[in-house]
Each structure stands twice: as C-alpha cells, then as structure tokens.
Amino acid sequence: MLIRFWGTRGSLPAPLDYRAVRAKIRDALIAARNQSLDTAEAVDAFIDQRLPFSVSGTFGGNTSCVELVTGGDEYVLCDLGSGVREFGNRLLAKYGPGKHHRFNVFMSHLHWDHVMGFPFFTPSYIPGNVIRIHGCHQVIREALQRQQSSPGFPVDFKMLGATIEFVEMEPGRTYDVAGLSVRPFLQNHGGDSYGYRFSGAGKTVVYSTDSEHKFDVLEDCPFIEYFHDADVLIFDAMYSLADQISVKEDWGHSSNMVGVELALTAGARHLVMFHHEPIHDDRTLEKILGETRRYADIVRPGHELTITSAYDGLEIVV
Amino acid sequence: MEISEQHDNGILVLRPLGRINNDTSPEFQTRLLNSVASSEAVLIDFSGVEYISSAGLRALMMASKQSKAKNGRLGVAQLSPVVKEIFEISRFSLVVQVFESAAAAIAALR
C-alpha cells in the first residue's frame with residue numbers, strides 16, 4: 001500500500017506569500033556560499049542533502065485529502081479538502097477525460113475544510129465516473145449540495161455529470177470496500193468526527209484527524225485499540241499541548257505530545273503528524289517535528305516509532 | 001507518588017518526587033487541586049521530578065485555571081533539564097509561571 005498526501009493543512013488553505021518564498025531563496029543562497037555547485041547534479045545534491053526541508057520545500061497549504069493506493073482499480077480517498085483538486089487534476093493529466101474511474105471517499109466529518117475541494121474536483125463533472133462517498137454522518141449529501149448551490153457556487157450540485165452515491169456507515173462495524181477492510185470509529189469533535197482503520201494485504205493505516213483527546217488514564221482510552229499495531233497512524237497534531245488544554249480546549253483537536261503517547265502505547269510503528277495549524281510557517285512546523293521526535297525519545301528511550309510531519313505531496317510506502 | 005509539602009512565607013510549596021506519568025498523575029492532580037483550593041499561593045518545586053507526561057501537565061493546567069479563577073497565585077520552579085524540555089515542547093512555559101529557583105518563585109508569589 002502507498003499513502004499519498006494531497007492536503008495536510010488544518011482549518012483553511014494556507015498558501016505561501018512572496019515574503020516566504022523570498023526568505024527561502026535568501027536562506028538557500030546564503031547556505032550555498034563557498035559551495036561547489038558547478039553541475040546540475042551538484043545543485044540537486046545540495047538542495048536535497050544540505051538544505052533543511054523548510055528551506056528546500058514546503059509543507060504546503062491544501063486542506064485534508066489523503067489517498068490510499070491499494071493497487072486495485074478503484075481509488076480510495078480520505079476527505080475532500082482543497083487537496084482533492086490537485087488529485088483530480090493529476091488524474092486527468094495522466095489519463096484524460098475519456099477514461100472512467102471509480103472513487104471511494106471516506107469522510108471524517110463535514111466541516112468546511114474537509115469538503116471545500118469537491119466543487120473543484122474535475123472528475124465529478126465527467127459522466128461515467130462513479131464517486132461513492134462513505135461516512136457516518138447522515139447529512140453528507142446535504143452538506144455537499146449546500147456548498148455547491150447559489151449563491152455560494154455557480155455550478156449546482158445537480159449539474160455534476162458523475163454518478164455520485166452516498167454510503168452511510170456505522171461506527172464500530174467493519175466494511176469491505178475496494179479490497180480494504182474499513183472500520184470507522186467515533187471521535188471527539190464539534191458535530192462529531194470519525195476516524196477510519198484501514199487494513200489490507202497485511203498492513204494497517206489509521207486516518208484519525210479532527211479528534212480531541214481528553215482522557216485521564218491512557219490505558220482506558222479506546223483509541224489505543226483503534227490505533228493498535230498500526231503500520232501508519234495519521235494523527236491530528238494541530239496544537240501544542242498547552243493550547244490544546246487551555247485556550248483551545250474543546251476546539252476538537254489534539255497535540256503532538258498526545259500523538260506520541262498514544263502511538264507508543266498502542267504499538268503503532270509510524271506516526272504522521274497531520275492537520276497542521278495554518279498560522280505555522282514551514283520553519284515552525286519543522287521545529288515542531290524535531291521537538292516531537294525528541295519527546296518520543298524522552299518518553300521511551302530506544303523506541304522504534306518513526307515520526308513524520310505530513311506535507312502536500314508526501315508519499316509513504318507502507 | 002511521594003509529594004512532600006511545607007509552608008514558606010505564606011506559600012504552600014509542593015515537592016513531588018519521581019515520574020509524573022499516567023500512573024501517578026491522578027494523585028498529583030488531587031494533591032494539586034486540594035492545595036490550590038486551600039492556599040492562595042502554591043509553588044510546585046520540580047527539582048525531584050524526572051518526567052511529566054501530558055496527563056501530568058493536564059493536572060497542572062487544571063490547577064492553574066482553578067487558581068486564576070479564585071485570583072490565586074501558582075508557579076513552578078527548579079525544572080530538571082528534561083522537564084524543562086517538556087515544558088518547552090508543550091509550550092507550558094508560555095502559560096505557567098516558571099522560575100529558575102525556589103527562592104525566586106517565593107519572592108514573586110509572596
């Protein structure tokens with residue numbers, strides 16, 4: 001299985017402005033002084049090996065959309081944030097509009113940042129495509145219809161050419177979809193959100209975003225079971241712990257430290273920090289990643305947990 | 001967990017010992033909340049604490065909120081290097097008064 005991240009930002013898109021780009025160029029040029037960069041290969045090696053990611057790249061600004069590549073014929077996506085626009089465009093660029101596809105989308109919930117990409121998902125306009133939208137909320141159809149209607153959007157939902165189906169799921173039950181075993185679970189978030197535990201070909205990926213954790217005893221937390229033995233855990237690490245339990249308490253999000261503790265206790269192998277706070281720039285996100293790895297070392301020296309901070313375009317082979 | 005206490009210049013000083021983790025944080029929380037309820041000024045001396053988990057920090061946040069609600073004063077002092085790192089990673093150093101020494105804390109909280 002392969003995980004491809006199309007959108008990793010929380011709450012709303014957060015594009016770079018010219019100042020941020022200029023700052024990266026400036027930092028790169030300063031780092032390049034006195035380097036031997038006479039060939040294209042030397043330049044590539046310098047960018048890839050000598051520059052920090054916050055300078056050579058960006059975590060990106062699209063909101064939640066994650067693809068699970070199973071090797072089967074059908075596409076599997078989690079959420080329809082602004083990242084799904086890029087997913088659709090890449091698909092069309094690769095195959096053109098003549099080839100028809102089947103998509104399975106799993107919705108964590110219906111807040112703006114998780115649905116806003118759908119009106120710009122070009123495959124939804126093409127007859128012959130089939131889009132099955134799965135989720136535990138009863139109002140998914142209404143939410144998507146409402147955002148794609150006058151006066152908010154010029155093309156009404158009923159004008160979409162693809163066949164769009166809605167599949168209501170129950171948390172705690174296990175479903176077989178597109179060759180994967182899928183189990184949704186309830187999370188603590190305004191209006192409820194749902195995480196998904198996907199298993200296939202001996203691998204398990206958990207998608208758990210927009211989920212606040214308020215537990216007194218870690219071992220009693222049901223998420224230990226949901227995350228148990230996961231090969232990859234995609235986790236809402238939007239806030240610092242201090243923010244999560246003070247000014248932003250009950251805002252429905254979690255922190256990097258809670259992610260580490262849950263992942264280690266559950267025996268997960270790879271923690272992927274996700275749903276980044278939009279006010280954080282690349283340098284801040286990189287710093288938080290370093291701190292999160294350090295915290296894991298403090299909690300359990302010698303642990304084998306891999307920790308990654310998701311970015312738009314990231315691919316993880318499971 | 002062992003938590004000793006004494007009064008110094010009208011300030012209740014708590015000295016927990018060992019690791020404040022998921023096993024010990026409920027006791028830490030109870031002691032902290034009782035202390036804040038009974039005293040206007042509370043100092044937690046962390047010199048004997050090797051580690052504090054998110055659950056322990058949550059207890060500290062509850063005590064801080066309770067103290068502020070009654071216009072009380074609460075501070076922490078003498079963080080070990082590891083606990084100091086955890087305060088920085090969690091950003092608790094931005095929301096709780098942190099003092100280098102117990103003497104400095106007592107002077108400020110008095």
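These numbers come from a predicted model, not from an experiment.
- Counting non-hydrogen atoms of other residues, nucleotides and ligands closer than 6.0 Å to CD of A:Glu304 gives a total of 12 or fewer.
- The 12-atom threshold is not exceeded at CD of B:Glu2, counting heavy atoms of other residues, nucleotides or ligands nearer than 6.0 Å.
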Next on the checklist: I'd like to know whether B:Ile86 forms a side-chain contact (heavy atoms from CB on, under 4.5 Å) with A:Met257, so could you lay out the CA-CA distance, the side-chain angles of the two residues, the decisive distance to 0.1 Å, and finally the verdict.
Outcome noted: CA-CA 9 Å; B:Ile86 295 172; A:Met257 286 177 59; 3.9 Å; yes

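- For chain B, the nearby parts of A:Ser246 are the backbone and the side chain; heavy atoms of each come within less than 4.5 Å.
- Using a cut-off of 4.0 Å between Lys/Arg side-chain N and Asp/Glu carboxylate O, B:Arg91 and A:Glu291 are scored as salt-bridged.
- Counting non-hydrogen atoms of other residues, nucleotides and ligands closer than 6.0 Å to CD of B:Glu5 gives a total above 12.
- With a 4.5 Å cut-off on non-hydrogen atoms, B:Phe92 touches chain A through its backbone and its side chain both.
- Here the CD1-CD1 distance, from A:Ile298 to B:Ile52, works out to 12.5 Å after rounding to the nearest 0.5 Å.
- Of the two parts of A:Val299, the backbone and the side chain both hold a non-hydrogen atom closer than 4.5 Å to a non-hydrogen atom of chain B.
- Counting all heavy atoms, side chain and backbone alike, B:Arg58 lies closest to A:Gln244 at NH2-NE2, 3.9 Å.
- For A:His228, the NE2 atom is loosely surrounded, since the number of other residues' heavy atoms within 6.0 Å does not exceed 12.
- Residue A:Arg269 qualifies as enclosed at atom CZ: its count of foreign heavy atoms under 6.0 Å is above 12.
- Taking 4.5 Å as the limit, some side-chain heavy atom of A:Asn256 sits within range of a side-chain heavy atom of B:Ile89.
- Paired with B:Ser54 under the rule side-chain contact (heavy atoms from CB on, under 4.5 Å), one option of A:Ile245, A:Val260, A:Leu262, A:Val258 passes, and it is A:Val258.
- For B:Ser53, the parts lying near chain A are the backbone and the side chain together; criterion is any non-hydrogen pair under 4.5 Å.
- Environment of NZ in B:Lys84: sparse, with no more than 12 heavy atoms of neighbouring residues, nucleotides or ligands closer than 6.0 Å.
- Comparing B:Asp23, B:Leu57, B:Asn21 by heavy-atom pairs within less than 4.5 Å of chain A, the highest count is held by B:Leu57.
- For the pair B:Glu88 and A:Arg294, the minimum side-chain heavy-atom distance is 4.5 Å or more.
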